[in-house]
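This is a predicted model, so every value here is computed, not measured. Below, chains carry the letters A, B, ... as their sequence lines are ordered, and counting in each starts from 1. Excluded from the calculations below are hydrogen atoms, water molecules and symmetry mates; all remaining heavy atoms, backbone and side chain alike, are included.
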Amino acid sequence: MAYPHSEIEKKWQQYWERNQTFRTPDDVDPARPKFYVLDMFPYPSGHGLHVGHPSGYTATDIVARYKRMKGFNVLHPMGYDSFGLPAQQYAVEHGIHPRVTTERNIANIERQIKMLGFSYDWARRIATTDPEYYRWTQWIFLQMFNSWFDPGARKARPIATLEEKLRAQGLAGEELRRAVDGCRLAYMAEVPVNWCPALGTVLANEEVTNEGRSDRGNHPVYRRALKQWMLRITAYADRLVEDLKLVDWPDSIKLMQRNWIGKSEGAEVLFPVAGADSAIRVYTTRPDTLYGATYMVLAPEHPLVGQITTPERRAEVAAYVNAAARKSEVERMTEGKEKTGVFSGALAVNPVNGQKIPVWVADYVMMGYGTGAIMAVPAHDTRDFEFAQKFGLPVVQVVQPPAGEDWRGFVGDGIAVNSGAYDGLPTAEFKKRITADLEAKGLGRYAVNYKLRDWIFSRQWYWGEPFPIVHCSSCGPVGLPEDQLPLRLPELDDFTPETTSDPDAPPRPPLGRVKAWADTTCPACGGPATRELNAMPQWAGSCWYYLRFLDPRNASRFVDPEREKYWMSPHGVDLYVGGAEHAVLHLLYARFWHKVLHDLGHVSGPEPFGRLFNQGMIRSFAYRDRRGVCISYDKVDLSGDRPRHVDTGEELAESVEKMSKSLKNVVTPDGIVQEYGADSLRLYEMFIGPLEGSKPWNTRDVPGVHRFLNRVWRMVLGDEEGALPLLAEQAPEEIERELHRLIKRTGEYIESMKFNTAVAAMMEFVNAVYRVGSVRRDQAERFVLVLAPFAPHLAEELWNRLGHPDSLAREPWPAWSAEHLQEETLEIPVQVNGRVRGRIHVPVAAGEEDVLAAALACPEAAPFLAGKTVRKRIYIPGRMVNLVVAG
RNA sequence: GCCCGGGUGGCGAAAUGGCAGACGCAAGGGACUUAAAAUCCCUUAACCGAAAGGUUGUGCGGGUUCGACUCCCGCCCCGGGCACCA
C-alpha cells in the first residue's frame, strides 16, 4: 500500500497557509542571524512549468527549511517577471489584453509552484507588471536620469552637482542643458539597433536568431540607427570587473562577465592623413607593432571616410559603404569570414617612421569598438594578415617569436625587430616605452577599451514599464516629479504596434495611439509636451526585485533603509539560484543598478548577490522516427530493449535534448505529483544528480524515490495490511551511530549543495533500520527532522503522528556528536604493492605499529609476502595499509 | 577559431591522492500469495574458472607517486559561451 500522499500534501499545505508558518515577520528577532535565499523569479509563460524549473526551487527550499531549523531568520520569497514580448505578441495574435493573459499565466504557474509545497512567504509576492511595483522601477529610472557619473569620484552623483560645476565653468542656457543631458546615466542617443519592422519594435541581441530573424515570429531584423534611451553601464565597466572579487560565484560565470565587459589596455595613436589637415585616431593593444603597420582601415561608418576618399575612388567607396550599411546580419553570417574592402585613395603617415601607408575601408573594422579605425599589422594580427594576403598588401615582421615559430601571423609576445631604436625590447617593455614616448610627442596616449556597450533601454511595445519622461519643445526630456508616479500604462483596445514591411519607416509605438495619454504638459515649464512613447525592456523589472522583496508593500519608499540594511548586509543575497542562461545580462544589469543605487545612498552594499549557484539544465529523452519526425511519449513503447512506435512498431531513435514543444519531450510536474506526490517529485529532482550538472529526466526512475518514502512511512507507522512499524523500545547501537552519521552528513551536504548524496544518505539509514529490524521512537523522530527539508509533507505528517501537535518547521536541527560516530573496531584494507589483498580488524585506539604488525600477519596477504622483502610500510590512519615488497 | 565545463556498469550516478561503482533504476532469482500487484530478501562491471580465486577495468596515449577516476603533459569525443573586439 502506498502512503496517502495526495491527502497529506493537501492537508499540510493548508496547515502552512492557515498558520502562516513561513511568513517572515516585518520585524524579525534581531538576536538571530539572517539568511536570504532567492530563486530567479520566473517569466509566467503560457506553457507553465516543466520539471526543469522546480530543481532550483527545490534546492533553495531545502536550504530555507534547513536554515530555519538552524535558527536563522530566513527570507524566501517568490514573484513574477511578468512584462515581456511573449505576452505582448500573444495579445496581438489573440486580441486579448496582455494583463489578462499575464494574470491567467501567473495563476497557473502559482498553482504549480504551490503544489510542490515550497516554503515561500507568499505575503511578499510581487509581479513586475503591478503598478505599485513598476512605480519604483520608474523611480529608479529617474534616479539614473537625474544623476551623472563623476569620473573623479568614480561614482554616480546627483545631476545638480554637475550643473553647478558646469555653471561655474561659464555654461548657461541651452548649452548647459545639452551638456548636462549628455552626461546623465539615462540618456537618449542615436544608435544602431536590431529593428524588426514586422513586430514594430527594436529587439535585444538575444531576441534575434543566428539567422538574423526575430526569435518570436521569425520576421526579418535590420540594423538601423534609431534614437533610443540608453543606460550608461560602460561608466561602471571597471567597477563591474573589480567587484567580481567580492562575490562567491562560480568561476565560469565570473569569467563570462569579464569577457563580456572585455577590458583591454593599449594606446590611441594619431596617424596624420597625407595632404590633408585631418588625422586618423586608432586604438591598438599592440603599440609595440607600430613599425609593422603597412596599411590602415576605417570602418565603413567612420566619419572620415567621406572626407579623405579621393575623387577617383569616390564611386567605388560609396558603393561599398552603402552595401555595408544595408547588410543584414544574415548576409554577414553567410559571407563568413571572407574579408572585403576598398582602397580610399588616401595615404596616412605612420608617426613613428614617417612612412606613407594606404587607407582602406573594410567592414571587418567595427565603428562600435575603439575609434572605428585601426592600424593594420598583418605580420602579427590574424585578421590583418588575411586581408593583406587577399589584397596583396605588404607584410613586415616586427616581432621575433620564440625559436621554432614562424613570425608570419605570430600574435604572441616576443622581441622587437625592424623597430628602429626599440629593437631588442621585449613586447611588454616596448609597449610601456613607446606609449610614454608617443604621449611626450603628442602623437598618442595610453587608452583603455571595453567590449561592453551602453545598454539600449527602450522598446517600441505596449507591455513594458512606461518611461516617466515627457518631451518638451523648450525643456527637452524632463523627468516626472515623484508624486506623479506610477505613470500607468494607458488602457488600450488595440495594442498592436503599427507594423510594416518597410525597414526604413519610422517606429510607431502603440502608446502613440492614445492621444489623451500622450499629450500632456511639461512639469518644468507648464507648456505642452508629449510623453515618451517607448516602454522599458523586459530586463528592467528583474534588476531590483530582490530589493522589493525586503519590503514589498512600502508605499513611500522602494525599500525601507533599515530593512535593506538588515537583509542585505554584509554580502547581499546569501544564496541566489538560477540557470546559467542569465550568466551575463540579468546578473550584469542587476549589479549595475545596484551600484548606482549604492552610489546615490539608497542601498548599503556594492553587490546584490553574495553567493550565486547555477543549477544545470534538466533535459529529457526525445524520440524520432526514420523520417526525423518527433514522436510524443504516449506513442512510444519502451517495454522492449529498443524504443518502438506504439502503432507501427517502427524502431525509434532516442536522444537526450533540451525540453521543447517541437521535440515533444516536455515533462510537466503535474502528472508526477498526481501519481507519486510532491515529496516524490522533490526528492527525484534532487536525487537525479548534482544540482549544477546537466542531466536527463527519466520519469521511470521516480518510483525509486517514491518507494523510499513508502519505506519511511511503514518504518514509522506500519501499514493497513498488517506490516508492523519498526518502532521499538530498543535498537542496536549501530542505529544510533548511523543516525549521527546521517545528521552530520546531511547538514554538510545541504551546506555544500550536494543534495543527491544527501538523499542517498537517508536511503542508507532507512536500509540499515530495515536490516536490523528496529528503531527507537526518539531516533525515528530525529530522522523525520532530517528528512523534513526534502520531503516536508510526509515529515510533518509523521511528526504529527509521533505525537507533536505543531509543525516541525522551526524544530531545531538534531545534534550529532563525534562520540557517537566512533566505532569500536576499524576494518583496514591491506594492500601489497597497491593491490588490496586482505583486511584486518583493529581497535580504534590501535597505534601505527600495532596496525602494521597486524597487517603483516594478515593471512590473505601472506601468499603475496612470502619470500619477499618488505621495503616500505605505509599506514594512512584509519584508512589503509600498503606494504611495498620486492624480490 | 578562442574560452569554459564534462567523458566512470545496461541507465542516473558515488568516490577529488588511499577498498572504484555508495545510493537508485532496469534486469535476473527467491519468499509471501489461489493468482497478480504491492512488499521483503538475494544476485548483478567485464573476462577466465565448477569453486576458491585470478586478470582486466574510470574516453585514448604517456608521466609523477608506495598508491591516480582524482595531479601533470599530449590527443579524441560531447555540451555550453564568445565570435572579425584591433
Side-chain angles (χ1 to χ4, degrees), chain A residues 1-2 250-256 258-260 262-264 266 282-286 289 297 299 332-333 336-339 362-366 368-377 380-384 386-387 411 449-453 580-581 583-584 616-617 619 638 641 656 658 683-684 687-690 692-698 700-705 707-708 710-711 714 719 721 723 754 756-764 766-767 770-771 827-839 860 863 871-885:
Chain A
M1 247 326 262
D251 286 338
S252 60
I253 301 291
K254 289 189 181 185
L255 195 67
M256 280 164 76
R258 266 190 213 102
N259 290 342
W260 187 264
K263 180 177 180 170
S264 72
V282 302
Y283 171 72
T284 177
T285 55
R286 292 296 299 270
T289 61
V297 183
R332 223 174 263 182
M333 289 305 289
K337 301 205 187 302
E338 186 64 23
K339 300 255 179 316
D363 70 356
Y364 82 91
V365 173
M366 311 286 134
Y369 183 79
T371 60
I374 61 157
M375 63 171 202
V377 184
H380 306 296
D381 181 281
T382 315
R383 296 148 303 177
D384 297 344
E386 280 172 22
F387 192 83
V411 298
N449 248 298
Y450 303 92
K451 279 169 33 176
L452 184 69
R453 310 282 73 188
E581 66 273 21
V584 177
M617 193 190 296
R619 301 189 294 168
L638 291 168
D641 53 345
V656 174
K658 191 169 167 172
L683 222 53
Y684 180 63
F687 189 58
I688 185 171
E692 67 276 19
S694 153
K695 55 244 160 191
W697 183 270
N698 195 347
R700 288 212 288 182
D701 288 346
V702 176
V705 292
R707 253 195 293 268
F708 162 69
N710 274 314
R711 279 161 70 83
R714 286 194 308 272
D719 68 18
E721 285 159 17
K754 290 162 87 172
N756 53 330
T757 48
V759 176
M762 289 186 263
M763 288 173 167
E764 284 181 57
V766 173
N767 288 348
Y770 271 73
R771 194 170 56 241
E827 188 184 77
I828 307 280
V830 177
Q831 293 184 341
V832 179
N833 287 350
R835 312 266 327 217
V836 178
R837 298 298 182 181
R839 286 152 205 291
E860 295 95 336
R871 305 243 179 221
K872 202 164 176 182
R873 309 180 305 171
I874 294 144
Y875 176 52
I876 308 300
R879 304 283 297 175
M880 158 81 51
V881 168
N882 191 9
L883 302 172
V884 183
V885 302

Query - Dot-bracket pairing map - RNA chain B, Watson-Crick plus G-U, both contacts under 3.5 Å, | cross-strand - result: (((((((..(((.....[....))).(((((.......))))).((((....))))..(((((..]....))))))))))))....
Query raised in the report: Out of C82(B), A86(B), C3(B), which has the shortest distance to the side chain of L255(A)?
Result: C3(B)
Write down the distance between [atom1] ([X]) and [atom2] ([N]), rounded to a whole number of angstrom.
{"X": "M617(A)", "N": "G81(B)", "atom1": "CE", "atom2": "C1'", "answer": "12 Å"}
{"X": "R286(A)", "N": "A86(B)", "atom1": "CZ", "atom2": "C1'", "answer": "11 Å"}
{"X": "N710(A)", "N": "C25(B)", "atom1": "CG", "atom2": "P", "answer": "12 Å"}
{"X": "M763(A)", "N": "C25(B)", "atom1": "CE", "atom2": "C1'", "answer": "10 Å"}

Report task. Answer yes or no: side-chain N or O of R871(A) and base N or O of C66(B) forming a donor-acceptor pair under 3.5 Å. Result -> no
Query raised in the report: What pairs with M763(A) under side chain to side chain contact (heavy atoms under 4.5 Å, CB included), at least two apart in sequence or on another chain?
Result: F687(A), V705(A), F708(A), V759(A)
**Report entry** ring-ring contact (aromatic ring centres under 6.0 Å, His included) against Y684(A), all qualifying residues, sequence neighbours excluded
**Finding:** W697(A)
Query raised in the report: Quick one: ring-ring contact (aromatic ring centres under 6.0 Å, His included) partners of F387(A), sequence neighbours excluded?
Result: Y295(A), W360(A), Y364(A), F391(A)
Requested in this report: Starting at CG of N698(A), measure out to CD1 of I688(A) and round the result to the nearest 0.5 Å.
Outcome: 8.0 Å
Query raised in the report: Hey, is the side chain of Y369(A) poking within less than 4.0 Å of OP1 or OP2 on A86(B), counting only N and O atoms?
Result: yes
Can you check nucleotides 5-13 of chain B for protein contacts, nitrogen or oxygen pairs under 3.5 Å, and list what you find?
| residue | atom | partner | partner atom | Å |
| --- | --- | --- | --- | --- |
| G12(B) | O2' | I688(A) | O | 2.5 |

Between the protein and nucleotides 40-42 of chain B, list the N/O to N/O atom pairs that are separated by less than 3.5 angstrom.
| residue | atom | partner | partner atom | Å |
| --- | --- | --- | --- | --- |
| C40(B) | OP1 | R711(A) | NH1 | 2.6 |
| C40(B) | OP1 | R714(A) | NH2 | 3.1 |

